[in-house]
There are 2 protein chains.
Amino acid sequence: MTTEARAPGRPPGLTGEDLLAVARDVFLERGYGGASMEEVARRARISKASLYREQPSKSALYEAVVRHWASAGRNAMRPALERLLAADDLRQGLADLAETMRFGILSEPVLAMRRLVTAEAVTQPEVARMYLEESWNANIRNLAEALQTVAARHGLQMDEADAAAADFTWLVIGAPLNARLLAGDVDASPVDRAVDLFLAGYRRRRAAR
Amino acid sequence: MTTEARAPGRPPGLTGEDLLAVARDVFLERGYGGASMEEVARRARISKASLYREQPSKSALYEAVVRHWASAGRNAMRPALERLLAADDLRQGLADLAETMRFGILSEPVLAMRRLVTAEAVTQPEVARMYLEESWNANIRNLAEALQTVAARHGLQMDEADAAAADFTWLVIGAPLNARLLAGDVDASPVDRAVDLFLAGYRRRRAAR
DNA sequence: CCTACCGATCGGTAGG
DNA sequence: CCTACCGATCGGTAGG
């Protein structure tokens, strides 16, 4: 069979979430300004008129794309956090988590989405704020919860779990994220340094202020 | 006097570094795609034809702007590092340095330049790479050198000073930089947490792998 | 140094 | 009659 079966009168092109996936690819490849509604329509095999009936404007399409992406990534770390909670060796568990975080956050599509949303934060701040809250802070809070559990089990001093989750995250991905965003470099530094520094800082109560 | 004295035949508008400053403002306000050569020319009080005689293309103007900025920021941290080296109290010295770093890196123009260069890293990667090397990595190396000196004086264990400088930097600015880039939030968390974690990690030799 | 203008393309919408 | 969709073109503006 060379043609798909389809009901008469049904649209042959993409709509709904399939359309959002196509639009996402165009935005990630070209940036907001470089993306044209015509290319989105062409790749989705629909007319521009049909595209505008699905989304009333380019900015509305952009917001829908980011919202769908953020929703999908909201609990991206959950499996890795389950593995951390199940790990006997805390240090090894944190190192595995760190590797997973690097692999995910430094992947090309995630980097491209960060570039896109950051660049458009000036003109569409509410979209950037939604992305930060739904996609990033939600994951930080999940991480904080898991860290609090393993801290209690392994006798770590962790009064402010959210801050500790941020510390861990930025020790692990700060430098390579910066390098990849700006230069595409693949960072080769082992995660063990970050994990050791984190553990050293939280193993004993830090000096009072 | 209502008019400035000027030599006959001299251009009334801006050229050279003054032109780059005007172009920088336009790029930072509008982004690369949103910046028009016409607006740059208008603000510099020159014609578009004159602008194109100074810079052969929009991308050449952009590269000149970023290069000039990076060159100016290359040793931005030097005064703060001198104060660290002169500090008696290491913890207080690091806290002061951390405040200075936050104030500088999280300032609006520096954030806007980061947004701009990051967004254009896809289409003009060599400019982004130059920015990373001249403006960021140069400062990290200056910080590493200073940290090595104070580490030796205060008995810290610091085998890889570049990595330690990156650790310190991302502990101090990672979370607030992310929040400000995406949501414009002003972070209120004290720098003391980051400094204490850093010191705890480097005060004793970390566990062998 | 400027006005005028080009070929191309943008986001968005018309009639049928 | 309906829904889904098309070719053509609108007014403005971009880099050059």
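Heavy-atom basis, side chains included; hydrogens, waters and symmetry copies ignored.
- Comparing D:dG15, C:dC1, C:dG11 by their nearest atom to the side chain of A:Ser36 picks out C:dG11.
- A straight line from CD of A:Glu38 to C1' of D:dC5 spans 16 Å, rounded to a whole angstrom.
- Looking at heavy-atom distances under 4.0 Å, B:Ala41 makes no contact with the nucleic acid at all.
- Atom CG in A:Leu61 sits roughly 11 Å away from atom P in C:dG11 (whole-Å rounding).
- Rounded to whole Å, the distance from CE on B:Met37 to P on D:dT13 is 19 Å.
- Side-chain atoms of A:Lys48 lie closest to C:dG11 of the nucleotides C:dG11, D:dC5, D:dG15.
- Rounded to whole Å, the distance from NZ on A:Lys58 to P on C:dT9 is 15 Å.
- Nucleic acid contact class of A:Ala60 (heavy atoms, under 4.0 Å, all strands): none.
- Nucleotide C:dC10 holds its C1' atom 14 Å from the CZ atom of A:Arg42, rounded to whole Å.
- The two residues A:Leu177 and A:Leu106 make their nearest non-hydrogen contact at CA-CD2, 3.6 Å.
- Between the CZ atom in A:Arg153 and the CG atom in A:Leu85 there is a gap of 6.0 Å [rounded to 0.5 Å].
- Put simply, the residue from A:Arg129, A:Arg141, A:Arg74 that forms a salt bridge (Lys or Arg N to Asp or Glu O under 4.0 Å) with A:Glu134 is A:Arg74.
- Per the geometry, CZ belonging to A:Arg45 stands 11 Å off P belonging to D:dC5, to the nearest Å.
- Taking the ring centre of B:Tyr32 as origin, the terminal cationic atom of B:Lys58 falls inside the region bounded by 6.0 Å and 45° from the ring axis.
- No salt bridge links B:Glu38 with B:Arg42; every basic N to acidic carboxylate O contact stays at or beyond 4.0 Å.
- Listed nucleotides D:dG15, D:dC6, D:dG16 differ in distance to B:Ser57; the shortest reach to its side chain belongs to D:dG16.
- Counting non-hydrogen atoms under 4.0 angstrom, A:Ser47 reaches a base of the nucleic acid.
- Going from atom OH of B:Tyr52 over to atom C1' of C:dC2 covers 16 Å, rounded to whole Å.
- For the pair A:Leu51 CG and D:dC6 C1', the computed distance is 14 Å after rounding to whole Å.
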